Amino acid sequence: MARPRPDAGSGANLRLPVLRNWRDWQSIAYLLALPGLAAWQWFHGFDAVLYGLMLFLTLGVGVIHHNHVHLRMWRSRRLNRFTDFWITLLQGHPTFVFWPAHVANHHRHRHGPKDVARTYRFGGDTNHLRGYLLHPFQAVWVLMPLFFAWLARLRRHRRGAWRYCMAQYAVWLASWAVLLAIDWRKALLFVVVPQLHGLHWLLATNYLQHAHADGRKPTQEGAPGAPRDTAGSRLNYARNFEGLVNPLLFNIGLHTAHHENPHAHWSELTRLHHTHYRAQVDPVLNEGGLVPYMVRVFVLGTVWPRFRSRPLMPRDPSTL
């Protein structure tokens, strides 16, 4: 006797959304918790503890955005596109900007002379609190032309991709318009200010990871070392942080391993860092916790020179 065919609309044929890596349930939790905390305070009032947690989650959303660009979170194209728009809404800026600014620029040139947002471009090779605070504004100024040029090329050659980027702008600006129209004070406090905080962190991370690192010109073709590597040492173009920042913020501190393996899932970076790269970088670039580093260099270093970091590049104008 033939078996009955399952109903086409039954649950047996439904496919549940599948993540590429189960560790990204942490990413999903952050992406849901941030708007949840904002909505709760919108209706119930400001809460200092929840607001602080929300500001922390804006950091996480920036890292998730970064990770989602390098390796799409879902196996479903539709869900990946939905995630693009969801991150756009949470972050207050289109997700496409990572392609011209980060992938095509920063990862290609690795803090070298052609990296338009290299830290030593602005006021010399520094590493101090003022530089950290100002770097996001300086970086935006030089990155905006990259965005416009990228969009212009897409409009000429890939109109579908250009419309996708414009749709992200439309969704973001429409969300601001609606929320500001409902209650501009709450919109600023619970939406706009946290988004700006997260964007500042996202851009300032470049300063944390690369200030006083070796950004000299790449080696010649055929020379020892990885392609587009720095001349002074194989991997001294980035600083690593090995503390609590990594489980909380998706291994964002393990920057050398990420640069060398940009398509590896963030959960793999711990193993890669310890087995392949930690011993190859200058020891001064392997820091412990992020917060202790910032206190030592940006606060104590302001008063006592012995707490300051030292540049790994010689003071040679040709390297800048």
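In this chain, residues are counted from 1 in sequence order. Worth saying up front: this structure is predicted, and the values here are computed from it rather than measured.
- With rounding to the nearest 0.5 Å, the separation of CG in Leu272 from OG1 in Thr256 is 11.5 Å.
- Looking at heavy atoms from C-beta onward, Met294 lies in side-chain contact with Leu290 at the 4.5 angstrom threshold.
- Side-chain contact between Leu235 and Glu260 is present, with heavy atoms from C-beta onward closer than 4.5 Å.
- Enclosure of atom CZ in Arg20 by more than 12 non-hydrogen atoms of other residues, nucleotides or ligands within 6.0 angstrom is indicated.
- Pairing each heavy atom of Leu34 with each of Leu57, the nearest pair is N-CD1, 3.7 Å.
- Around CZ of Arg23, the count of heavy atoms belonging to other residues, nucleotides or ligands within 6.0 Å exceeds 12.
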Handout entry: Residue pair His93, Gln168: steps toward the side chain to side chain donor-acceptor pair (under 3.5 Å) verdict
Key = CA-CA 8 Å; His93 205 281; Gln168 292 179 8; over 6 Å; no
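- Between Tyr237 and His210, the ring planes are parallel. Angles under 30° get that label, and only those over 60° would be called perpendicular.
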Legend entry - Residue pair Asn286, Asn240: steps toward the side chain to side chain donor-acceptor pair (under 3.5 Å) verdict: CA-CA 5 Å; Asn286 287 322; Asn240 300 294; 3.3 Å; yes
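- Note: Phe82 and Trp86 have parallel aromatic rings, judged against thresholds of 30 and 60 degrees for the angle between ring planes.
- The closest side-chain heavy-atom distance from Phe56 to Tyr30 is below 4.5 Å.
- Put simply, the side chain of Phe298 reaches to within 4.5 Å of the side chain of Asn127, judged on heavy atoms.
- Taking each heavy atom of Ala104 and Pro100 in turn, the nearest pair found is CB-O, 3.9 Å.
- Proximity of a side-chain donor or acceptor of Asn246 to a complementary backbone N or O of Gly253 within less than 3.5 Å is detected.
- Between atom CD of residue Gln195 and atom CG of residue Leu55 there is a gap of 12.0 Å, rounded to the nearest 0.5 Å.
- The side-chain heavy atoms of Leu199 and Gln91, taken from C-beta on, include a pair separated by under 4.5 Å.
- With a 4.5 Å cut-off on side-chain heavy atoms, Met166 and Trp162 count as touching.
- You'll find the ring centres of His111 and His106 outside the 6.0 Å limit.
- Other residues, nucleotides and ligands contribute at most 12 non-hydrogen atoms within 6.0 Å of the CZ atom of Arg78.
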Counting only pairs under 3.5 Å, give me each side-chain donor-acceptor contact of residues 132-145, with atom names and distances, residues two or more places apart or in other chains.
{"residue": "His135", "atom": "NE2", "partner": "Asn206", "partner atom": "ND2", "Å": "3.1"}

Check: Are His265 and His70 close enough, and set up right, to give a side chain to side chain donor-acceptor pair (under 3.5 Å), and what steps lead you there?
Finding: CA-CA 8 Å; His265 190 266; His70 281 286; over 6 Å; no
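- Judged by distance alone, the side chain of Trp172 and the main-chain N or O of Gly92 form a donor-acceptor pair under 3.5 Å.
- Using a 4.5 Å cut-off between side-chain heavy atoms of Ile, Leu, Val, Met, Phe, Trp and Tyr, with links allowed through other members, Trp42 and Leu53 fall into the same hydrophobic cluster.
- With values rounded to the nearest 0.5 angstrom, Ser267 atom OG is found 8.0 Å from Trp22 atom CH2.
- In this structure, Tyr164 has its ring center no closer than 6.0 Å to that of Phe96.
- Counting only heavy atoms from C-beta outward, the side chains of Ile28 and Leu32 approach each other to under 4.5 Å.
- If you chain together hydrophobic residues whose side chains sit under 4.5 Å apart, Trp99 and Leu71 never meet in one group.
- Within the 4.5 Å cutoff, the side chain of Leu89 has no heavy atoms near those of the Phe85 side chain.
- A salt bridge between Arg296 and Glu287 is present, with a side-chain N of the basic residue lying under 4.0 Å from a carboxylate O of the acidic one.
- Distance check, rounded to the nearest 0.5 Å: NE2 of His65 to CD1 of Ile87 gives 6.5 Å.
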Would you please test His258 and His263 for side chain to side chain donor-acceptor pair (under 3.5 Å) and show each step?
CA-CA 8 Å; His258 167 64; His263 300 298; over 6 Å; no
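- Here His212 and His128 keep their ring centres 6.0 angstrom or further from each other.
- In the hydrophobic cluster analysis, where Ile, Leu, Val, Met, Phe, Trp and Tyr join through side-chain heavy atoms closer than 4.5 angstrom, Leu249 is grouped apart from Val291.
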